[in-house]
*Asks:* 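Next up is a structure, given as structure tokens.
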Amino acid sequence: MKLITAVVRPERVQQVKEALFQAGISGITLSRVSGHGGEQEVVEHYRGTRVMVEFRDKVEFRMAVSEPFVQAAIDAICRGARTGEVGDGKIFVQNLDRVVRIRTGEEDSAALTPVTEKKLTPTS
């Protein structure tokens with residue numbers, strides 16, 4: 001089991017969401033975040049004052065997936081988020097020691113989104 005966190009451009013949210021759903025991944029959490037990566041700093045004018053924009057608006061996707069879905073999730077995120085420009089984002093993959101579904105008490109892979117044979121088929 002892995003926790004996948006992806007930070008992407010806000011304008012690519014719909015494409016990433018659709019790619020994840022097509023890959024059979026529906027259990028996702030979205031957060032609006034701000035960050036600074038490889039993009040150039042931008043100077044904007046606000047009420048006659050020059051303002052340096054250091055942090056850009058981004059969207060963070062988080063999803064817990066079982067092993068068969070790790071690469072599918074990464075591929076889907078890349079497919080949906082990639083523009084080829086600096087600032088497309090990053091994907092972080094972390095191990096999950098334990099997952100518990102609160103409603104049923106199911107644990108680990110059983111607590112994640114149900115898996116069917118059809119959804120395990122690679123979409124690449």
Side-chain angles (χ1 to χ4, degrees):
M1 297 177 308
K2 304 285 185 188
L3 176 64
I4 299 177
T5 304
V7 180
V8 304
R9 298 171 182 265
E11 63 269 21
R12 300 300 290 186
V13 167
Q14 187 65 29
Q15 291 90 333
V16 172
K17 184 186 77 163
E18 287 173 6
L20 286 167
F21 286 174
Q22 287 173 359
I25 300 161
S26 59
I28 58 176
T29 301
L30 290 177
S31 300
R32 295 199 177 278
V33 296
S34 296
H36 185 280
E39 300 109 332
Q40 296 286 332
E41 293 175 342
V42 175
V43 176
E44 293 182 352
H45 294 279
Y46 178 73
R47 295 186 177 185
T49 304
R50 286 177 46 146
V51 177
M52 180 81 65
V53 178
E54 294 182 62
F55 295 97
R56 304 288 178 103
D57 289 337
K58 299 287 183 177
V59 174
E60 182 180 82
F61 282 82
R62 293 175 64 107
M63 64 216 73
V65 298
S66 55
E67 291 300 329
F69 283 92
V70 174
Q71 194 58 50
I74 292 168
D75 294 343
I77 294 164
C78 288
R79 193 168 50 253
R82 184 174 289 136
T83 67
E85 301 293 324
V86 174
D88 278 350
K90 295 271 190 306
I91 300 171
F92 306 97
V93 181
Q94 300 169 292
N95 288 324
L96 279 178
D97 293 330
R98 189 172 178 198
V99 176
V100 178
R101 186 186 310 262
I102 295 171
R103 178 177 51 86
T104 62
E106 293 170 293
E107 294 195 18
D108 300 330
S109 290
L112 299 177
T113 301
V115 176
T116 64
E117 292 291 327
K118 182 178 177 189
K119 290 184 181 178
L120 285 175
T121 307
T123 57
S124 312

*Asks:* Verify whether one side chain among Glu106 and Thr104 offers a donor that lies under 3.5 Å from an acceptor in the other.
*Replies:*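 Side-chain D/A pair, Glu106 to Thr104: present.
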*Asks:* Answer with yes or no whether the hydrophobic clustering places Phe21 together with Ile4; edges join I, L, V, M, F, W, Y residues whose side-chain heavy atoms lie under 4.5 Å apart.
*Replies:*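 Phe21 clusters together with Ile4.
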*Asks:* In Å, rounded to the nearest 0.5 Å, how long is the span from NZ of Lys58 to NZ of Lys90?
*Replies:*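 It comes to 9.0 Å.
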*Asks:* Do you see a donor-acceptor pair shorter than 3.5 Å between the side chains of Gln14 and Glu18?
*Replies:*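 Glu18 and Gln14 do have a side-chain donor-acceptor pair below 3.5 Å.
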*Asks:* With rounding to the nearest 0.5 Å, note down the distance linking NZ in Lys2 to CG in Leu96.
*Replies:*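 Here the rounded value is 8.5 Å.
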*Asks:* What closest approach, in Å, do Val13 and Phe61 show between heavy atoms, and which atom pair accounts for it?
*Replies:*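 Of all heavy-atom pairs spanning Val13 and Phe61, the closest is O-CZ, 3.8 Å.
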*Asks:* Is it the case that more than 12 heavy atoms not belonging to Arg82 sit under 6.0 Å from its CZ atom?
*Replies:*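 Atom CZ in Arg82 is not crowded, with 12 or fewer foreign heavy atoms closer than 6.0 Å.
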*Asks:* Can you tell me how far apart CG (Leu20) and CE (Met63) are? Round to the nearest 0.5 Å.
*Replies:*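 Rounded to the nearest 0.5 Å, the CG-CE separation comes to 5.0 Å.
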*Asks:* Which distance, rounded to the nearest 0.5 Å, do you find between the CZ of Arg62 and the CG of Leu3?
*Replies:*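 Between atom CZ of Arg62 and atom CG of Leu3 there are 5.0 Å.
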*Asks:* For residues Val33 and Val7, report the shortest heavy-atom separation together with the two atoms involved.
*Replies:*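 Heavy-atom minimum between the residues: CG2-CG1, 4.4 Å.
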*Asks:* Determine the minimum heavy-atom distance between Ala76 and Ala19, stating which atoms define it.
*Replies:*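 Ala76 and Ala19 have their closest heavy atoms at O-CB, 3.3 Å.
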*Asks:* Look at the side-chain heavy atoms of Ile, Leu, Val, Met, Phe, Trp and Tyr, link any pair under 4.5 Å apart, and say whether Ile77 and Val93 land in one connected group.
*Replies:*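 Yes, same cluster.
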*Asks:* Taking all atoms of both residues into account, what is the closest heavy-atom pair of Asp57 and Ser34, and its distance?
*Replies:*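 For Asp57 versus Ser34, the nearest heavy atoms are OD1-OG, 3.7 Å.
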*Asks:* How close do Arg79 and Arg12 get, counting heavy atoms only, and between which atoms?
*Replies:*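 Looking at all heavy atoms of both residues, the closest pair is O-NH2, 4.4 Å.
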*Asks:* Work out which heavy atom in Arg101 is nearest to a heavy atom in Leu112; give both atom names and the distance.
*Replies:*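 Here Arg101 and Leu112 meet closest at NH2-O, 3.0 Å.
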*Asks:* May I ask whether Ile28 and Val70 are part of the same hydrophobic cluster, defined by side-chain heavy atoms of I, L, V, M, F, W, Y residues being less than 4.5 angstrom apart, directly or through others?
*Replies:*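 Ile28 and Val70: one cluster.
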*Asks:* Same cluster or not: Met1 versus Phe92, using hydrophobic residues (I, L, V, M, F, W, Y) connected whenever any side-chain heavy atoms lie under 4.5 Å apart?
*Replies:*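 Met1 does not cluster with Phe92.
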*Asks:* With hydrophobic residues grouped by side-chain heavy-atom distances under 4.5 Å, do Val65 and Leu30 end up in a single group?
*Replies:*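 Result: yes, single cluster for both.
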